[in-house]
Each structure stands twice: as C-alpha cells, then as structure tokens.
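Predicted, not measured: the structure shown is a model, and the values here were computed from it. To find a chain, count down the sequence lines: A is the first, B the second, and so on, and within it residues start at 1.
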Amino acid sequence: MICISRRLLAPAAIVAGLAGSVASATAPAHAAGDGVAPKEVAWTFNGVFGRYDYPQLRRGLQVYREVCAACHGLRLVAYRDLAAIGLSEAEIKAVAGEREVAGEPDDEGEPTIRPAEAKDRFVSPFPNVQAAMAANNGAAPPDLSLIVKARGGGADYIYSLMTGYVSEAACKKEFKDSQGKPLVPAEGQYCNTYMSGHIIAMAPPLTEDGQVEYEGKGAPPASVDQMAKDATAFLAWAAEPYMVERKRMGIKVMLFLLLFTGFMYAIYRQVKKDVKGHA
Amino acid sequence: MPIVSMVEHSLYYPVPRNLNYMWNFGSLAGLSLIIMIVTGIVLSMHYTPHTDYAFDSVERIMRDVNYGWLIRYVHMNGGSMFFIVVYLHVFRGLYYGSFKSPRELLWWLGVIILFLMMATAFMGYVLPWGQMSFWAAKVITSMVGAVPLVGESLMELLWGGFTVDNPTLNRFYSLHYLLPFVIFGVVILHIWALHTVKANNPLGIDMKGPQDSVDFHPYYTVKDLFGTGVFLLVFAAFVFYAPNYLGHPDNYIQADPLKTPPHIVPEWYFLPFYTILRSFTDDWWLFQILLGWWGMEAKLAGVLAMAGAVAVLFILPWLDTSRVRSAKFRPLYRVFFWLFVIDCLILGWIGAQPAEQPWTAIGQWATLWYFAYFLVMLPLISRIERPRPLPHSISQSVLGGGGGAAVAAAASPMEKSR
Amino acid sequence: MANTASTEAAGAAGAHDEGAGRRDFLFLAGGAFGAFAAGASAWPLLDSLNPAKDTLAASTTEVDLSPIEQGQAITVKWRGSPVFIRRRTAKEVAEAKAVKPDDLPDPQSDEQRFGSGAREQWLVVVGVCTHLGCIPLGQKDTDNKGEFGGWFCPCHGSHYDISGRIRKGPAPRNLPVPPYTITAENKLIIGKEQPKDGPGGTTA
C-alpha cells in the first residue's frame, strides 16, 4: 500500500496543482460585479440532492407574469414546459392564450395572428431589441431564460440584485464613481449594491409586501423578500429545467462508477500478483 | 485477417514491466477522443450553424432533445477532460525523457496532435455562439492581422467577411467536424510509432529482453481500465454536479457583435498561452531588446511567441541533449522540471487576470522563464549535469534490491520459471 | 508473444494455486460491468435521435371545418405530411358503405374508419400512399381520381376509393386514418383521439 501511494504521489501532485490553478483561474470570472459578494440563500435546489420546490416555482411564475413579464422575455422556455412545475393543461392554455403570435398566412396570403398555444415558447414583451430599448430609456431589459446561468453568482446574485436597491442618500455615502467622488444615480437610474458599478437602469421591481397576491393553502406571506426568492427560484428552473434529472442521474452514475472502479482495482491487484515488479 | 493480427499484435506486444500510473494518460486521451467524436456526431445532428439559430439550437438541445443536456454537457466538459489528460501525458513525456532517441517521431506526432486539438477546441468553442464564443473568435482571428503586409487580406479570407459572422461560423463548424478525424488518423500513426519503438518507462532505459517486459494484455489493459474508472469519476462529477464550473457565465448570453464583455477570458486550457500572447507589449524591455529594435510590432511578436510556445516542443530532442532519459537519474533537470511546471501554472493563473499590473509583470517574467527553460536552461543543464548511475536493466532494478523482501517473496513462482 | 510466454504460464500456474475461483469471478463481474456501462451510455445517444419534446408538442393540427362545403376537399399539414380532409356527399358515403370489406385487399368498413352519424361525412386520411410514400392525386376536381373515384397514386398506379381504401395496385394498405377529434364548435383536431361520447358522432 505504501509503495502504491508513493507511485501515486507525483501524478497526484500534478493533478492537484492543475486543479488548484483552474480553480484560482476561474474564480475571478465567477465573482459577481465589483466585489460585493451576493447574499447566500439556502435554495432547495442547492447541492447534490437539490430539488426544486414546485409550489415555490408556481409562485415564482406568478411573480414573473405579474411583475417581470412587462419588460423581460423568457423566449427559450415553452408554455408546455410549465406542466413540469405542476400546471394543468387548462392552466397552461390560459397562460399561453394571454399573448399572441404570428399564425400561418390565411387563404388570401394575408398574415394572421393567433393566441399562443402550449407548443409555443414564451412570447417576449417587445418585438425586437430596438423596441425594447426605445421603451426603456435605451437599456434593453435582458431575456430571463438563462439569466441565472449567465450571471456569476447565479441564483444568489439574481436574488441579491432584486433586493439590493439602496436610496440615493445611501448611495452617495457608500459608493464611489470611477473618479472617487460619491456616486449619484442619473435620471432614470437606480442604485443597487450588487450591480457591477452599482448603477442599474431597472427600477426596483418589488417594492411593497403583498404586491403579488399569493393564493392557495400553505402559501407564505408575499413579502418582498419572499417574492424575490420565489421569482429567482422560478428563473433558476427556467435556466435549467433538467437540473433535477441531472442530479438524480448523477448519483446513479457515480455509484456505478465507484463500483466499477473498485472492481477494476481488484482485478488489477489479482493480475498484478502474476508479475513481480509490475506497477 | 490483418485486422485480427493487428489487434492481437497490439494486445500482446511487450511493454516495460515497471510503468507507473503516469502511463495511464495515453489511453485516457484516446478514450477522450472517442467520447468527443461520438457525442459530437450526435450533437451535430441537432445543431444549426447559423448566427440566427446557433444559440437557440444549442438551448433546444439542452431543453427538448432527449438526454440532450447530458450529451451536450459531456461534450462541453469532455474538452476540458481531454486537455487535462493530454497535458499530464505531455508532462510525463517531459519528465521521463520520452521525446529522446529513438522516440522523436512518436513525440513529433504527439505535438501535431496537440496543435490539432487546440485548433479543434478553439473552433468548437465558437459554435454555441455565446458572447465568449464570439469574442474569443474575434480576438484570436484578429491575431492574423499581425502578419506584415497581407494581414488584413488574410483576416478577411479567414472570416469570409469583414468580421466574425455567419460565414465564419459555417467554416468553423465544418472544420470542427473535420479535424477530429484528422486527429484520429494522427493518433493511429502515434500508436503505430509507439509499437515500433516500444514504450519508454520510469527508468528511461531500454528493455533488454523478455525479463524486462510484460504483455500489454491483460496487465496494462486492466490497469488502464482501473484508470478509466478514476477518470470517469472525475469526469462525471463535473458533468452532473458542476457542468458550468469550467465555463464562463457570459457564454449563456447570445453573441452581440456590438458589445464586448468586460473580461474576455479563454477556456482554462488556453490560459498559459493567452498570457504569453499578452506579455508582448511595446514597453516590455525584453521585447525591446530582442525584437523591437529591428522594427517588429509587439502584436506580431506576441502571436509568434504563442505559436512558438507549442512549436518549441518540436525541437525539444535537440535542446535536451542529455543521453539519460528519466529525470529520476538527473538531479538538476528534475529541479528545473518542477520549476517549469510551476511556471506553467503561474502562466495559467495570470491568463485569468485582467491585463493590469502587477499581473502583466508577473506574466512577463513567467513568459521569459518559459522560453528560457527550453532555449537556454535545457541545453545548459544537459551539458553540465552529472547524471546518477543507471541501473543495469529494468528487471534488475525492480526485482533486485530496493523493492523490499516482501515483494520478492510474493512473486517467487515467477523467479523459478525463468 | 513468445517473449512473455513464460510470464503468462507462471501467472496461470500461480492462479491455480491461490483461488482460480476468485479470479474467474472478478473477470466475469468486470466484463458484466463493462457491458452494462457500454449499453447504458449508448441509450441516451440513441434516444436523442427520437422526436424531441418540441417536435412532439407540435404534433396536433387544428382545422376549422365550418367553411368546407359538401363535396369539397382540403389538404392540411400534420406532422410534416399532408392530411386529406373531404366533406363527403351523402351519395359518396353510401357508396363507401356499400362495399363489402371482405372483398378488399385491406378489409376495413367505412364505419370502422370514420364512424357513423354526423361524423361519417368527414373523411380524414393521411395522404401518403402506403406503397412507397408518394402523394396520391384526387384532391382537386381536375385530378385523376383513379378507377374507384377516390385517389390515384401516379408513382406506381395505386387506386383508392372514396373511403381512402386501397382497391387496385401495389399499395398494401388503406390510407391511414390519423387520430382526430371533432369538437362541438366544428373544429377538427388532428393528432388527438376523440374522447368517448364526445360531440360530432361516435367513433367506431
């Protein structure tokens, strides 16, 4: 055993070194913004056994539809996908039917418009990026389909951003601009602790408790914090709807590979007995 | 049946009996190549190489194609896994002198594979058409512009337009599909060369007879299978539990030719080379002394240095002239080898930092050390070093003395039979 | 081979002494592990070639039947193939029902195909010849409708009757009837089975 561990030492050192360098190399890329680390939330989908909390995702969908959807699209998610978080066929039809999409040209060749259906993907609030910019002071609101994967810090960052707004006075006191002067948000801009550079064009989306009315048994009070968490959880699902499947399969694969590796090691030991000096 | 005799030959060919775990990485690299080709072929059946659809088609693979997320994550992380095992394979070759006579051809084929891999990985990274895809393509293809006189025209030839755009994406897709099969061909030559000159070993001395070798099968097939298990465990840990750890969040934003992300960072396996590229600035003293005074641009120097960082491996057999292969018997070389490993890690670490002080200065010193190691230190070391005495033979070294009495006793049946 | 024959022989001899059983077990179990691993990793690759979720979701087509006159035919696309929809006249229905199924190459009564009552006037078939996949003629009044007044496939000369059944020629089966629903609002949903006792007549 000792002799094996000595042989393993050199490669192990290289592997450890490489892994270390990779970790340190990628770490800065993963940090969000200018050094303010996002608040850590104990999401149900964290960790190896992480799962989505489906009632929470449905509340998050409600927040998205009533608050976020006015400006932000979700164009990679299909309405039919909502079945996975527990919406019935009729509910999906209702959600989809609120928006319209281009249909097939009619018999005269005129373009038609039909209500969106389950098979369609979420219809974005603006037809194109120019319209989005024009309606939002020149800053197009990003599509949210992948936002949790597209920001360093992931769900923690999105939640922190939604709840990280500070008043103009606090902004002046706490943050500095690039010249080192107190930071003052311009007209139509807001101050946010977690945004890179602390200036954000999005108005605080969640401003008062009960802004969205949660219904049904067991729904928590719709505090700003709770709504932010629910919306973030929903967006985390939207970015990676297959996450639960991935983690479940991972456990099976890892267990199988552990057994496989153990067996191969046993066979290797057996074969090794035949040859002296074979490493 | 030539196929059968070929397989039989490769299974039962004699391999030094004393190979350590560092010799597992060759077969793991082969396995990685096969995994990449198989998953790549399936992905290509769902992917659309068009700037308007590429990003969405990748997301469609992730969301709608059966097991699409799995296949894509395996392919995406497989690239990193491939580079990990290949880099370890290369460092093993450096440490044990596997590039020395009579294995030069084997080594050169390996360097060609490394070059092809880098090209393939770079073009593959462009295909998802995220922000990092686009800007990596832009920055790296713009290096061609450093070529004197024809740089601009070459760039347009490479792009098929006036910037990275749909024609670029199309040709990268075509080449990304083609090159792995070229790699496969060179790998076959690599293995053929290996079977001709036989494997090196930790002692770096030649096999002198049957007592020094074992058959590849079952001894090393089983050992490789054990290594495969360990490798797949690491691989699966990334795929299932940290699939995006080695990637960059910006690549989940669709490419926008009008907006550069604040920090452009290549994939980790290119970081050391990226540092070398960036080290050549107009105000670097080394650049001014060596190249600047006869009018070379820093940009061109950086590009040449980056290519040279891999190309220098080609002339390695002439740089290290010591007749002793293994670092085990080369006390001075061993020290400098490990310093070189550390230097490569520093280059990688600097590659992920912004182009500011003090990172730039550290990167420049590390770049200097990188080339000095190959071009100055290695020739010097091989001249002044006094290697330790080599053992008489592999079997004598591993069977007699030093191995301990327990080992000798366990294998006594074999001694009798010889 | 010869180089290491002695090693091998020694190995085999050693194994006999100390538990050939254990060795055999390890090798067999190892082989089983490998075979399972290969099979398990092949499945996701193979399954990825099956229709994806979005393809499956887009597999129903809705058609408004109200503007279609008696004796009129339209063609719509369902799952990438043409579906022939024809509002048959009473005479055509009677003609289709008069044929004895037993005499047909692919015995099926018109009722088995399109039900009875209000539903029977609607002919809904996938318009792909069951021979080799060509699209039969017969949707337009000017088309060659074949010897049985239904559809005629010009590729290899298959004749279909007004129920879409094969009557003459190389095609082996009748034009297939897709699952479809006719709603109370006179809407046709192709790709969805008629609910039991639903509106629009009974299914056979």
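Atom-to-atom distance recorded for A:F263:CZ and C:F27:CZ is 12.0 Å, nearest 0.5 angstrom. The structure places CD of A:E104 at 7.5 Å from NZ of C:K77, a figure rounded to the nearest 0.5 Å. The distance from atom NZ of C:K53 to atom CG of A:D81, rounded to the nearest 0.5 Å, is 7.0 Å.
For the pair C:D54 and A:R121, the minimum side-chain heavy-atom distance is below 4.5 Å.
If you measure heavy-atom distances from A:A266 to chain C, the contacts under 4.5 Å come from both the backbone and the side chain. Both the backbone and the side chain of C:A37 have a heavy atom closer than 4.5 Å to some heavy atom of chain A. Contact of A:L259 with chain C is made through backbone and side chain together, with heavy-atom distances under 4.5 Å.
For A:F256 and C:F33, the ring centers sit closer than 6.0 Å to each other.
Between C:A57 and A:K119 the shortest heavy-atom distance is O-CB, 3.7 Å. Across C:G30 and A:I267, no two heavy atoms sit closer than the pair CA-CD1, 3.9 Å.
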